[in-house]
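Here's the structure, in structure tokens; my notes come after.
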Amino acid sequence: MAAEGPATRRVQVAEHPRFLKLKEMFNSKFGSIPKFYVRAPGRVNIIGEHIDYCGYSVLPMAIEQDMLIAVEPVKTQTLQLANTNPLYTDFSTSANNIQIDKTKPLWHNYFLCGFKGIQEHFGLSSLTGMNCLVDGNIPPSSGLSSSSALVCCAGLVTLTVLGMNLSKVELAEICAKSERYIGTEGGGMDQSISFLAEEGTAKLIEFSPLRATDVKLPSGAIFVIANSCVEMNKAATSHFNIRVMECRLAAKLLAKYRGLQWDKVLRLEEVQAKLGVSLEEMLQITEDTLHPEPYSPEEVCRCLGISLQELRTQILSPNTQDVLTFKLYQRAKHVYSEAARVLQFKKICEEAPDNMVQLLGELMNQSHASCRDMYECSCPEVDQLVDICRKFGAQGSRLTGAGWGGCTVSIVPADKLPSFLANVHEAYYQRSDQDFTFEKQSLFATKPGGGALVFLEA
């Protein structure tokens with residue numbers, strides 16, 4: 001399945017309001033009709049937060065919300081991008097000279113990431129131009145991967161225009177790498193699930209080599225997404241990349257103390273693999289090796305026997321060079337414990353005991369506590385929303401996505417769903433002191449959706 005490329009389907013545009021509206025807008029914008037359409041879904045990560053870039057497996061599912069792009073290849077070498085949302089302004093550039101400005105995470109730069117990733121993969125110097133109209137219904141900056149879905153969608157658009165073929169795994173790997181053009185040092189979960197998702201199942205996604213295994217979720221429970229309505233843009237803030245660097249430094253210190261070749265080590269998973277020990281043992285090694293007090297850059301340099309100059313130029317990324325403290329113990333503790341929770345979650349899903357929903361909920365609750373206290377990637381609104389969800393019947397609730405805002409995901413027994421939705425809506429979204437407007441996409445039940453597709457008009 002993963003060795004194949006994304007499927008192509010025929011669609012009766014006139015019978016699908018979203019396609020029809022997109023086609024009509026495309027026509028009024030470009031004076032022609034689209035040749036084909038591409039969709040790539042967002043995702044919700046059920047468990048396994050901030051560990052993909054440390055080399056550990058994660059457990060997401062695709063959601064039905066997606067990016068849908070209408071495309072027409074053109075003879076000129078101009079790339080024209082427009083968005084159905086008037087907040088996102090039109091953009092056009094030469095297809096042969098793609099510049100991505102890391103200082104401004106503008107919407108079109110995510111498209112350019114996917115475009116450039118495919119262009120560079122095939123070593124193409126000149127590319128055909130195209131007209132593209134983008135329609136997304138994933139809430140932005142909400143932790144549901146709207147930006148990665150756009151990168152993936154653009155990658156598949158570019159591949160289709162070129163008439164080339166790649167497997168889903170190759171596409172995922174190219175898009176994960178190319179999103180770094182915008183400055184986000186992510187791990188690859190979002191792009192992988194966008195391509196490898198299948199309807200009706202969550203996936204355990206493992207890295208190096210990239211692979212996806214079905215995880216059958218409990219039939220008696222529903223996963224509900226609730227948006228805190230606090231927006232966090234990973235590419236616009238340094239929190240995310242600081243965590244990536246803290247994990248990298250923790251890995252290097254652990255490797256050094258255990259007599260490994262630390263300068264080659266980048267990820268916490270590599271330390272475990274090289275030592276050949278369990279995750280539980282890694283937690284003990286972290287306890288014995290690292291101290292809970294924050295490390296200064298000077299102390300990191302002393303531990304590794306390097307100069308500040310070497311730390312800044314050889315290890316830290318450009319946007320983390322001025323950080324004054326690193327919480328290495330806390331970050332490593334989160335990563336190793338969260339990696340273990342992912343494996344336990346999958347095992348419970350496989351064994352399907354009678355109290356399965358309760359057990360999965362407990363793991364999700366432990367995950368949230370670790371994200372909040374050890375990784376410090378939550379925020380007061382998200383914590384409050386998690387508490388409200390648990391109070392009204394969720395067996396477990398946690399932040400999902402990078403955090404610092406965005407969404408929560410809760411596991412809710414199916415029979416409690418109607419009262420859960422009504423009560424959470426009232427308790428969080430209808431309070432008098434909330435300064436945002438409630439949209440129906442702020443609180444919704446979800447089920448595992450399929451991956452990226454190309455559509456041709458039937």
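All heavy atoms count here, side chains included; hydrogens, waters and symmetry mates do not. Numbers here simply count residues along the sequence, with the first being 1. As the structure is a prediction and not an experimental result, all values here were calculated from the model.
- Annotation: the span from L127 atom CG to K116 atom NZ amounts to 12.0 Å, rounded to 0.5 Å.
- Ring centroids of Y88 and H108 are separated by 6.0 Å or more, keeping the two rings apart.
- Partner of K327 under the side-chain hydrogen bond (donor to acceptor under 3.5 Å, both in side chains) criterion, out of H334, E376, E246: E376 alone.
- Judged by distance alone, the side chain of Q321 and the main-chain N or O of R312 form a donor-acceptor pair under 3.5 Å.
- Side-chain contact between V382 and V230 is absent, with no heavy-atom pair separated by less than 4.5 Å.
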(request) Decide yes or no on side chain to side chain contact (heavy atoms under 4.5 Å, CB included) for V386 and L399, but give the supporting numbers first. (result) CA-CA 7 Å; V386 160; L399 70 81; 5.5 Å; no
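- Here the rule is side-chain hydrogen bond (donor to acceptor under 3.5 Å, both in side chains) with S367, and of E338, R341, R372 only E338 fits it.
- When the salt bridge (Lys or Arg N to Asp or Glu O under 4.0 Å) test is applied to E362, no partner is found at least two apart in sequence or on another chain.
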(request) Would you sort out whether M245 and V323 count as a side chain to side chain contact (heavy atoms under 4.5 Å, CB included), showing the intermediate values? (result) CA-CA 10 Å; M245 288 309 133; V323 178; over 6 Å; no
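- Ion pairing between D135 and K21 fails under the 4.0 Å rule for side-chain N and carboxylate O.
- Using a 4.5 Å cut-off on side-chain heavy atoms (C-beta onward), E206 and L204 make contact.
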(request) For side-chain hydrogen bond (donor to acceptor under 3.5 Å, both in side chains), just list the numbers for T320 and N241, CA-CA rounded to whole Å, side-chain angles, deciding distance to a tenth of an Å, and then say yes or no. (result) CA-CA 7 Å; T320 57; N241 286 343; over 6 Å; no
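- Taking the side chain as every heavy atom from C-beta outward, Y110 and S146 never approach each other to under 4.5 Å.
- For an aromatic pair to be called close, the ring centres must be under 6.0 Å apart, and F26 with Y37 fails this.
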(message) If you apply the rule side-chain hydrogen bond (donor to acceptor under 3.5 Å, both in side chains), what do you find for S145 with R43, and how did you get there?
(response) CA-CA 6 Å; S145 291; R43 62 97 190 97; 3.2 Å; yes
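- The ring-ring contact (aromatic ring centres under 6.0 Å, His included) test with F240 is passed by exactly one of Y375, W404, Y53: Y53.
- Ring geometry for F19 versus F455: interplanar angle over 60°, hence perpendicular rather than tilted (30 to 60°).
- For N85 (side chain) and G136 (main-chain N/O), no donor-acceptor pair under 3.5 Å exists by modelled atom type.
- Looking at heavy atoms from C-beta onward, L79 lies in side-chain contact with I98 at the 4.5 angstrom threshold.
- The side-chain heavy atoms of V409 and R398, taken from C-beta on, include a pair separated by under 4.5 Å.
- Between L249 and I315, the closest side-chain pair of non-hydrogen atoms falls below 4.5 Å.
- Interatomic distance, CD1 of I225 versus SG of C389, reported as 11.5 Å (0.5 Å rounding).
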(message) Under the criterion side-chain hydrogen bond (donor to acceptor under 3.5 Å, both in side chains), I'd like the reasoning laid out for Q99 against T93: C-alpha separation, chi angles, the key distance, then a yes or no.
(response) CA-CA 9 Å; Q99 303 291 326; T93 184; over 6 Å; no
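- A salt bridge links E198 with K203; the closest basic N to acidic carboxylate O contact falls under 4.0 Å.
- T160 is not listed as a side-chain neighbour of T8, based on a closest heavy-atom distance of 4.5 Å or more.
- A salt bridge does not link E350 with K347: every distance from a Lys NZ or Arg NE/NH1/NH2 to an Asp or Glu carboxylate oxygen is 4.0 Å or more.
- Here the rule is side chain to side chain contact (heavy atoms under 4.5 Å, CB included) with C175, and of C152, S194, C153 only C152 fits it.
- Side-chain N/O atoms of S148 and E179 include a donor and acceptor closer than 3.5 Å.
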